[in-house]
Trainee: 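One structure, pasted below without further comment.
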Amino acid sequence: MATRVLVTGAGGFIGHHLVRYLVAKGYWVRGVDIKYPEFESSLAHDFQLLDLRRFDNCLIATSGVDEVYHLAADMGGIGYITGNHASIAHNDILINTHMLEASRINGVQRFLFSSSACVYPDYRQDDPDVTPLREEDAYPAAPEEGYGWEKLFTEKLCQYYAEDYGMETRVVRFHNVYGPLGTYEGGKEKAPAALCRKIALAEDGDEIEIWGDGEQTRSFMYVDDCVEGIYRLMRSDYRHPLNLGTDRLVTINELVDIIADIAGKRIVKRHELTKPQGVRGRNSDNTRLRQVLGWEPQISLEEGLAVTYQWIARQVAPTRHGQRRLVAV
Ligand code: NAD
Ligand code: GDD
């Protein structure tokens with residue numbers, strides 16, 4: 001009989017891609033979310049709409065499954081996570097504590113938690129030419145307010161459930177993930193999707209708004225690599241937090257230039273210093289990732305952004321009535 005797995009957050013960006021990947025691998029998959037996927041139907045064998053802040057719903061979600069890929073979270077790009085500390089921390093702590101306990105009660109064998117590079121301390125990320133972050137750099141702790149603290153605390157909970165109850169827990173720290181079928185408007189979108197949208201809506205030679213001076217740096221990972229890494233970590237015997245990202249550092253200005261090249265448009269950057277910017281620089285040290293998984297993300301930024309840009313450009317294309325959406329900021 002096929003192994004039965006639960007993917008929480010299956011209506012969201014990474015969760016939806018993960019469901020497709022696991023179904024193709026022959027798993028029986030239950031997806032759970034508070035919403036259905038926005039852009040195409042889920043391939044999950046069973047999809048349930050459940051609010052995982054409620055413990056009784058977590059018990060329903062985890063019943064009869066062998067493994068849990070826990071991706072459900074109240075989250076978004078830097079604008080969203082800096083503007084909603086209390087609600088994000090409240091919602092996600094409820095979801096995470098209830099999901100772990102329900103998984104224990106229902107005898108789940110493996111539990112993977114999707115953590116974030118936002119657990120790393122601000123004091124190691126104050127320079128665009130940042131030293132890549134190693135897993136042990138998370139301490140002494142000074143993570144991102146709200147979202148980073150709840151991720152770091154849930155990492156500890158996973159450790160405690162492994163130590164006290166023998167649960168096989170896995171913790172993955174994603175670095176900025178992008179790709180098609182992700183949020184590109186509405187306030188939760190991250191930089192790659194936001195910039196693809198702005199450039200898709202711009203004419204050749206137009207000006208678009210960039211948050212900050214554009215010299216802040218990040219590394220970006222394409223969603224197919226993310227899903228592959230999640231699966232490899234779940235199958236491994238590694239119980240400690242592990243980075244999952246690329247280690248190619250780019251400035252946001254460079255990111256804009258790459259997307260503009262893909263679009264074939266000349267773009268003028270208007271830097272807006274009052275907008276949320278987060279840390280000044282962030283990169284992944286993949287030394288341990290390579291040691292543990294014998295693998296690291298493979299898809300280049302140019303390749304991944306080409307697919308992502310084309311998808312977002314189709315989403316924002318003029319309607320049949322010739323209307324265009326506004327270039328939102
Ligand atoms: P997403 O917002 O697209 O997906 C998260 C899903 O969780 C959403 O569909 C949302 O509806 C669902 N959810 C929220 N509250 C819920 C609730 N109460 N009950 C049930 N479902 C609920 O985000 P994503 O990019 O797919 O992220 C997936 C996971 O990866 C999250 O845990 C996120 O914190 C983590 N992560 C993502 C990134 C990234 O760059 N995308 C980076 C670091 C960490
Ligand atoms: N969102 C967004 N939209 N960011 C922009 C824009 C824009 O139009 N223009 C420039 N930026 C800049 C931001 O100011 C920030 O400095 C940088 O691009 C990256 O922004 P995000 O992609 O929104 O977030 P982040 O990298 O700071 O944090 C994200 O990644 C973490 C994991 O690495 C968030 O999604 C976190 O939730 C996530 O955990």
Trainee: Do Tyr222 and Ile259 belong to the same hydrophobic cluster, where Ile, Leu, Val, Met, Phe, Trp and Tyr are linked whenever their side-chain heavy atoms lie under 4.5 Å apart, directly or via other members?
Mentor: yes
Trainee: Side chains of His240 and Gln159: do they bring a donor and an acceptor to under 3.5 Å?
Mentor: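 There is no such pair (donor and acceptor under 3.5 Å, judged by atom type) between the side chains of His240 and Gln159.
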Trainee: Just wondering, do Ile95 and Leu52 contact through their side chains at under 4.5 Å, heavy atoms?
Mentor: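 In contact.
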Trainee: Check for a donor-acceptor pair, side chain of Lys35 on one end and backbone N or O of Gly11 on the other, with a separation under 3.5 Å.
Mentor: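 Between the backbone of Gly11 and the side chain of Lys35 there is a qualifying donor-acceptor contact (under 3.5 Å).
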Trainee: Without swapping roles, check the side chain of Gln216 against the backbone of Trp211 for a donor-acceptor pair under 3.5 Å.
Mentor: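 Checked: pair present.
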Trainee: Test Glu136 against every option in Arg124, Arg288, Arg173 by the salt bridge (Lys or Arg N to Asp or Glu O under 4.0 Å) rule and name the one that passes.
Mentor: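 Single salt bridge (Lys or Arg N to Asp or Glu O under 4.0 Å) partner of Glu136 among Arg124, Arg288, Arg173: Arg288.
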Trainee: Can you check salt bridge (charged side-chain N to carboxylate O under 4.0 Å, His left out) on Glu67 and Arg235, steps first, answer last?
Mentor: CA-CA 11 Å; Glu67 301 181 352; Arg235 300 271 57 88; 2.8 Å; yes
Trainee: Step by step, would you call Arg248 with Glu302 a salt bridge (charged side-chain N to carboxylate O under 4.0 Å, His left out)?
Mentor: CA-CA 12 Å; Arg248 175 175 169 196; Glu302 286 76 5; 2.9 Å; yes
Trainee: Quick one, Arg239 with Arg170, criterion side chain to side chain contact (heavy atoms under 4.5 Å, CB included). Give me CA distance, side-chain angles, the key distance, then yes/no.
Mentor: CA-CA 5 Å; Arg239 288 181 167 176; Arg170 304 285 179 268; 3.7 Å; yes
Trainee: Dump the intermediate steps for side chain to side chain contact (heavy atoms under 4.5 Å, CB included) on Ser103 and Leu100, then the final yes or no.
Mentor: CA-CA 5 Å; Ser103 297; Leu100 263 166; 5.7 Å; no
Trainee: Just checking, any donor-acceptor pair under 3.5 angstrom between side chains of His271 and Asn253?
Mentor: yes
Trainee: Fit a plane to each ring of Trp311 and Tyr184, take the angle between them on a 0 to 90° scale, and name the class: parallel (under 30°), tilted (30 to 60°) or perpendicular (over 60°).
Mentor: perpendicular
Trainee: Checking Lys190 side chain against Ile78 main chain: does a donor-acceptor pair fall under 3.5 Å?
Mentor: no
Trainee: Nearest 0.5 Å, please: how far is CD1 in Ile267 from CD in Glu203?
Mentor: 9.5 Å
Trainee: Name the atoms and distances for all side-chain donor-acceptor pairs under 3.5 Å in residues 303-310, with sequence neighbours left out.
Mentor:
unit_1, atom_1, unit_2, atom_2, d
Glu303, OE1, Ser300, N, 3.3
Glu303, OE1, Ser300, OG, 3.4
Thr308, OG1, Gly304, O, 2.7

Trainee: Checking side-chain polar atoms at under 3.5 Å, does Tyr147 have a donor or acceptor matched by the opposite partner on Asn84?
Mentor: no
Trainee: With sequence neighbours excluded, tell me which residues meet salt bridge (charged side-chain N to carboxylate O under 4.0 Å, His left out) with Lys269.
Mentor: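 Lys269 satisfies salt bridge (charged side-chain N to carboxylate O under 4.0 Å, His left out) with Asp257 once adjacent residues are dropped.
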Trainee: Lys265 side chain to Ala202 main-chain N or O, any donor-acceptor pair under 3.5 Å?
Mentor: yes
Trainee: For Tyr21 together with His17, are the ring centres under 6.0 Å from each other?
Mentor: no
Trainee: Does a salt bridge link Asp204 with Arg266, judged by any charged N lying under 4.0 Å from a carboxylate O?
Mentor: yes
Trainee: Answer yes if Trp295 and Val177 sit in the same cluster of Ile, Leu, Val, Met, Phe, Trp and Tyr residues linked by side chain heavy atoms under 4.5 Å apart, and no otherwise.
Mentor: yes
Trainee: Do Lys156 and Leu152 have side-chain heavy atoms sitting under 4.5 Å apart?
Mentor: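 They are not in contact (no side-chain heavy atoms under 4.5 Å apart), so the answer is no.
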Trainee: Under the 3.5 angstrom rule, does the side chain of Asn283 hit a backbone N or O of Ser219 as a donor-acceptor pair?
Mentor: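 No; judged by distance alone, with no hydrogens or angles, the pair does not exist.
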Trainee: Do Tyr161 and Phe111 have ring centroids that are under 6.0 Å from one another?
Mentor: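 No; Tyr161 has its ring centre 6.0 Å or more from that of Phe111.
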Trainee: Rounded to the nearest 0.5 Å, how far apart are CD1 of Ile208 and CG of Leu201?
Mentor: 10.0 Å
Trainee: Could you go through the side-chain hydrogen bond (donor to acceptor under 3.5 Å, both in side chains) check for Glu40 and His16 one step at a time?
Mentor: CA-CA 9 Å; Glu40 61 179 33; His16 177 69; 2.8 Å; yes
Trainee: Assigning hydrophobic clusters by single linkage (Ile, Leu, Val, Met, Phe, Trp, Tyr; side-chain heavy-atom cutoff under 4.5 Å), is Val279 placed with Val130?
Mentor: no
Trainee: Determine yes or no for a side-chain-to-main-chain donor-acceptor pair under 3.5 angstrom, with Thr251 supplying the side chain and Glu215 the backbone.
Mentor: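 It does not hold such a pair.
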Trainee: Heavy atoms, side chains only, cut-off 4.5 Å: are Arg110 and Met234 in contact?
Mentor: yes
Trainee: Looking at Arg290, I'd like to know if its CZ atom is crowded, meaning that more than 12 non-hydrogen atoms belonging to other residues, nucleotides or ligands lie closer than 6.0 Å.
Mentor: yes
Trainee: Run through Leu195, Thr217, Asp213 and flag the one making a side chain to side chain contact (heavy atoms under 4.5 Å, CB included) with Ile252.
Mentor: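 Only match with Ile252 under side chain to side chain contact (heavy atoms under 4.5 Å, CB included): Leu195.
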Trainee: Can a donor-acceptor pair be found, under 3.5 Å and without considering hydrogens, that links the side chain of Asp122 to the backbone of Pro143?
Mentor: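 Side chain of Asp122 to backbone of Pro143: no pair is present.
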Trainee: What do you reckon, is NE2 of His85 surrounded by more than 12 foreign heavy atoms closer than 6.0 Å?
Mentor: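 It does: His85 NE2 has more than 12 such atoms within range.
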Trainee: Centre of Tyr120's six-membered ring, under 6.0 Å away, within 45 degrees of the axis: is that where NZ or CZ of Lys151 sits?
Mentor: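 The answer is no, since Lys151 fails at least one limit relative to Tyr120.
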Trainee: Between Ala200 and Ala313, what is the shortest heavy-atom contact and its length?
Mentor: CB-CA, 3.9 Å
Trainee: According to the interplanar angle, ranging from 0 to 90°, do the rings of Tyr178 and Phe220 count as parallel (below 30°), tilted (30 to 60°) or perpendicular (above 60°)?
Mentor: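 If you compare the ring of Tyr178 with that of Phe220, the planes turn out perpendicular.
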Trainee: Under a 4.0 Å N-O cut-off, is there an ion pair linking Arg218 with Glu254?
Mentor: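 No, this pair does not count.
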Trainee: If you define the side chain from C-beta out and look only at heavy atoms, does anything of Pro132 sit under 4.5 Å from Ser284?
Mentor: no
Trainee: Between Ile312 and Cys196, which heavy-atom pair has the shortest distance, and what is it?
Mentor: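 Answer, listing the atom of Ile312 first, then Cys196: CD1-CB, 3.7 Å.
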Trainee: Is it the case that the side chain of Gln48 and the backbone of Leu50 share a donor-acceptor pair, with hydrogens and angles ignored and the cut-off at 3.5 Å?
Mentor: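 No; zero donor-acceptor contacts below 3.5 Å.
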Trainee: If I compare all heavy atoms of Arg197 with all of Glu185, which pair ends up nearest, and what's the gap?
Mentor: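 Nearest pair, atom of Arg197 first, then Glu185: NH1-CA, 3.6 Å.
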Trainee: Working note: Leu112 + Ile230, criterion side chain to side chain contact (heavy atoms under 4.5 Å, CB included); need CA distance, chi angles, decisive distance, verdict.
Mentor: CA-CA 8 Å; Leu112 180 138; Ile230 292 172; 4.0 Å; yes
Trainee: If you take all heavy atoms of Cys118 and Ile81, which pair is closest and at what distance?
Mentor: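 Reported closest heavy-atom pair: SG-CD1, 4.0 Å.
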Trainee: Who passes salt bridge (charged side-chain N to carboxylate O under 4.0 Å, His left out) against Asp51, sequence neighbours left out?
Mentor: Arg53
Trainee: For Glu296, does its backbone N or O pair with a side-chain atom of Asp225 as donor and acceptor, under 3.5 Å?
Mentor: no
Trainee: Is the closest side-chain heavy-atom distance between Leu157 and Glu155 below 4.5 Å?
Mentor: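 The answer is no, as the side chains (C-beta and beyond) never meet within the 4.5 Å cut-off.
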Trainee: Is there a donor-acceptor pair closer than 3.5 Å between any side-chain N or O of His90 and the backbone N or O of Ala86?
Mentor: no
Trainee: Side chains of His175 and Met221, heavy atoms from C-beta outward: is any pair under 4.5 Å?
Mentor: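 Counting from C-beta outward, His175 and Met221 never come under 4.5 Å.
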Trainee: Closest approach of Cys158 and Val171, non-hydrogen atoms and distance?
Mentor: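 Where Cys158 meets Val171 most closely, the heavy atoms are CB-CG2, 3.8 Å.
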Trainee: Go through the steps for Tyr69 and Leu18 under the test side chain to side chain contact (heavy atoms under 4.5 Å, CB included), then give the verdict.
Mentor: CA-CA 9 Å; Tyr69 293 84; Leu18 181 62; 3.7 Å; yes
Trainee: Between Glu209 and Lys275, is there a side-chain heavy-atom distance shorter than 4.5 Å?
Mentor: yes
Trainee: Would a 4.5 Å heavy-atom cut-off, applied to side chains only, mark Asp285 and Leu133 as touching?
Mentor: no
